[in-house]
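For reference, the structure is listed below as structure tokens.
Letters go in sequence order (proteins before strands), and every chain restarts at 1. No hydrogens, no waters, no symmetry mates; every other heavy atom, side chains included, goes into these values.
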Protein chains: 2
Amino acid sequence: MKPHQLFFHHYRSMYRPYTNTANDYLGKHKLFIAQWAVMKYIISSGPRTLVDIATYQQVEKPTITRTVQKLLELNYVEVIPGKDKREKMIQLTELGKQVSEEVEVTIEQFQLKALKGISSEEQIEVSRILEKVKNNLLE
Amino acid sequence: MKPHQLFFHHYRSMYRPYTNTANDYLGKHKLFIAQWAVMKYIISSGPRTLVDIATYQQVEKPTITRTVQKLLELNYVEVIPGKDKREKMIQLTELGKQVSEEVEVTIEQFQLKALKGISSEEQIEVSRILEKVKNNLLE
DNA sequence: AATATATGGTTACCTTTACTAACCATAAAA
DNA sequence: TTTTATGGTTAGTAAAGGTAACCATATATT
């Protein structure tokens with residue numbers, strides 16, 4: 001099998017184990033991976049618009065609208081006014097912050113388990129390459 | 001951002017660009033990535049049972065049942081008897097073989113474009129690591 | 001100033017992909 | 001012979017996301 005075929009096969013065959021396991025961990029907090037990804041983003045970067053979030057995650061706007069709606073229902077995020085009347089900034093609620101702290105522990109544990117035996121340098125290297133592939137695809 | 005967080009963020013944010021672009025390329029041949037993955041597998045390994053395919057792709061059996069059903073409708077694969085009365089071996093039809101040859105050209109082009117600027121060694125290294133993560137997750 | 005275009009966001013509708021639970025038929029083990 | 005395991009299917013449901021069309025507001029153009 002050629003390297004480029006190997007690459008995409010392994011990329012794909014990690015996907016379900018990753019998603020299913022992550023969602024198992026997150027179920028405790030009534031979250032799914034797509035929702036948690038939004039929370040994680042606004043934790044580390046502060047309040048963000050829907051477009052920011054969509055761009056960051058590489059999905060379309062309606063997808064983010066829906067994900068954020070679920071987080072609003074859970075009372076984990078709230079909307080604050082943006083720099084004009086169109087924009088909505090999404091930020092964590094107090095409840096969202098509390099939950100996040102628990103989730104971060106859970107998820108860190110999950111991620112470290114998943115990455116057992118893989119050095120930080122390797123993790124960074126793979127991140128760099130996956131990002132490059134993403135950029136190649138978007139050109 | 002910590003290396004393990006980076007790792008999973010980039011893993012995820014490559015997913016939609018990859019899937020969408022691949023499906024665009026495959027649309028020409030009336031295929032989707034999940035279907036092509038099955039064809040690809042039986043091209044390189046010969047006829048396989050549904051369980052083999054499910055294990056290889058890391059998805060559940062019903063998922064493969066349906067994917068194979070679509071390939072049967074397209075007349076790209078056919079069923080031959082397995083080693084007992086339960087097993088079904090899936091193999092390419094003549095039409096499937098013809099189509100595959102065209103698709104392989106298309107997809108190779110797509111994959112090489114996606115991996116532009118990434119050496120074979122790097123591709124192999126990333127494959128190895130993604131496989132390891134998958135195995136860690138399955139433990 | 002008036003019109004046209006761009007941007008942020010939503011709604012409606014549809015699709016891909018996959019899961020679980022329950023089941024059938026056959027095979028292997030007790 | 002009965003029990004358990006294996007290969008596969010069906011039915012029902014869900015996560016996640018896409019496109020097209022649209023509203024409201026903002027920016028650019030004439």
Side-chain angles (χ1 to χ4, degrees), chain A residues 11-27 29-38 47-74 77-90 137-138, chain B residues 11-27 30-38 47-74 77-90 137:
Chain A
Y11 179 80
R12 270 176 53 80
S13 71
M14 192 191 112
Y15 190 73
R16 297 314 306 182
Y18 161 67
T19 303
N20 294 345
T21 312
N23 282 342
D24 284 350
Y25 276 85
L26 289 168
H29 309 279
K30 300 189 182 172
L31 286 169
F32 290 98
I33 186 81
Q35 294 159 19
W36 172 245
V38 169
R48 288 288 163 186
T49 66
L50 299 189
V51 167
D52 286 340
I53 299 169
T55 304
Y56 184 67
Q57 317 248 352
Q58 290 301 317
V59 296
E60 298 301 319
K61 291 186 294 177
T63 301
I64 296 300
T65 297
R66 272 190 298 266
T67 304
V68 166
Q69 277 167 355
K70 281 169 207 147
L71 291 172
L72 287 166
E73 283 164 26
L74 289 165
V77 302
E78 63 195 353
V79 177
I80 54 172
K83 70 170 189 296
D84 63 42
K85 284 180 186 167
R86 293 172 306 174
E87 276 192 1
K88 291 181 169 184
M89 304 292 280
I90 309 301
L137 288 169
L138 294 177
Chain B
Y11 179 80
R12 271 177 53 81
S13 71
M14 192 191 113
Y15 190 72
R16 296 315 304 180
Y18 161 67
T19 303
N20 294 345
T21 312
N23 282 343
D24 283 350
Y25 277 83
L26 289 169
K30 300 189 181 171
L31 287 168
F32 290 98
I33 187 80
Q35 294 159 18
W36 173 244
V38 169
R48 288 287 163 188
T49 66
L50 298 189
V51 166
D52 286 341
I53 299 170
T55 303
Y56 184 67
Q57 317 247 351
Q58 289 301 316
V59 296
E60 298 300 320
K61 289 184 296 175
T63 301
I64 296 300
T65 295
R66 268 195 288 274
T67 303
V68 166
Q69 277 167 355
K70 280 169 208 146
L71 291 172
L72 287 166
E73 283 164 27
L74 288 166
V77 304
E78 62 195 354
V79 177
I80 54 173
K83 70 170 189 295
D84 63 42
K85 284 179 187 168
R86 295 171 305 173
E87 275 191 0
K88 291 181 169 184
M89 304 293 280
I90 309 300
L137 288 169

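If you measure from atom CZ of B/R66 to atom P of C/dT15, you get 16 Å, rounded to the nearest angstrom. For B/L31 and C/dT16, the CG to C1' distance is 14 Å, given to the nearest whole Å. Put simply, CZ on A/R12 is 11 Å from C1' on C/dT16, counting in whole angstrom units.
In this structure a side-chain-to-backbone donor-acceptor pair under 3.5 Å is present from B/Y11 to A/Y11. Counting only distance, with no hydrogens or angles, the side chain of A/D52 and the backbone of A/T49 share a donor-acceptor pair below 3.5 Å.
End-to-end axis angle of the helix from C/dA1-D/dT30 to C/dA30-D/dT1, from C1' rotation axes over five pairs per end: 20° (rounded to 10 degrees).
The minimum heavy-atom distance linking B/I33 with B/A22 is given by the pair CD1-CB, 3.8 Å. Shortest non-hydrogen contact noted between A/L72 and A/V77 is CD2-O, 3.3 Å. The heavy-atom pair separating B/L74 from B/K30 by the smallest distance is CD1-O, 3.8 Å. Between A/L26 and A/F32, the shortest heavy-atom contact is CD1-C, 3.7 Å.
In this structure, the side chains of B/R48 and B/I53 come closer than 4.5 Å at one or more pairs of heavy atoms. Under the 4.5 Å side-chain criterion, counting only non-hydrogen atoms from C-beta, A/Y15 is not in contact with B/Q58. Using a 4.5 Å heavy-atom cutoff, the side chains of A/R12 and B/Q57 are in contact. In this structure the side chain of A/T67 never reaches within 4.5 angstrom of the side chain of A/V59, judged on heavy atoms. Looking at B/K61 and B/L50, their side chains never come closer than 4.5 Å, going by heavy atoms from C-beta outward.
B/R16 comes within contact range of the sugar-phosphate backbone alone, with a heavy-atom separation under 4.0 Å but no base atom that close. Nucleic acid contact class of A/I33 (heavy atoms, under 4.0 Å, all strands): sugar-phosphate only. Across all strands shown, A/Q69 has heavy atoms under 4.0 Å from sugar-phosphate atoms exclusively, and none from any base. Here A/T49 lies in heavy-atom contact (under 4.0 Å) with sugar-phosphate atoms only.
Taken residue by residue, residues 53-61 of chain B places heavy atoms nearer than 4.0 Å to DNA chain D at B/K61.
For the atom pair CD1 of B/I80 and CD1 of B/I90, the computed distance is 8.5 Å after rounding to the nearest 0.5 Å.
Residue whose closest nucleotide on DNA chain C sits further toward the 5' end, between B/K70 and A/D52: A/D52. If you find the closest nucleotide of DNA chain C to A/M89 and to A/N20, the one lying nearer the 5' end belongs to A/M89.
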I need a per-nucleotide contact map over nucleotides 25-30 of chain C, read 5' to 3'. Cutoff is protein heavy atoms under 4.0 Å; write B for the base, S for backbone only, - otherwise. BBS---
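Applying the salt bridge (charged side-chain N to carboxylate O under 4.0 Å, His left out) criterion to A/K83, with sequence neighbours excluded, gives A/E87. A search for salt bridge (charged side-chain N to carboxylate O under 4.0 Å, His left out) contacts involving A/D84 returns A/R86, not counting sequence neighbours.
Between A/N23 and the phosphate of C/dA18, there is no side-chain N or O to OP1/OP2 separation shorter than 4.0 Å. OP1 or OP2 of C/dC19 sits under 4.0 Å from a side-chain N or O of B/T63.
Between chain A and DNA chain D, the heavy-atom contact criterion of under 4.0 Å yields a 5' to 3' nucleotide range of D/dA15 to D/dA26.
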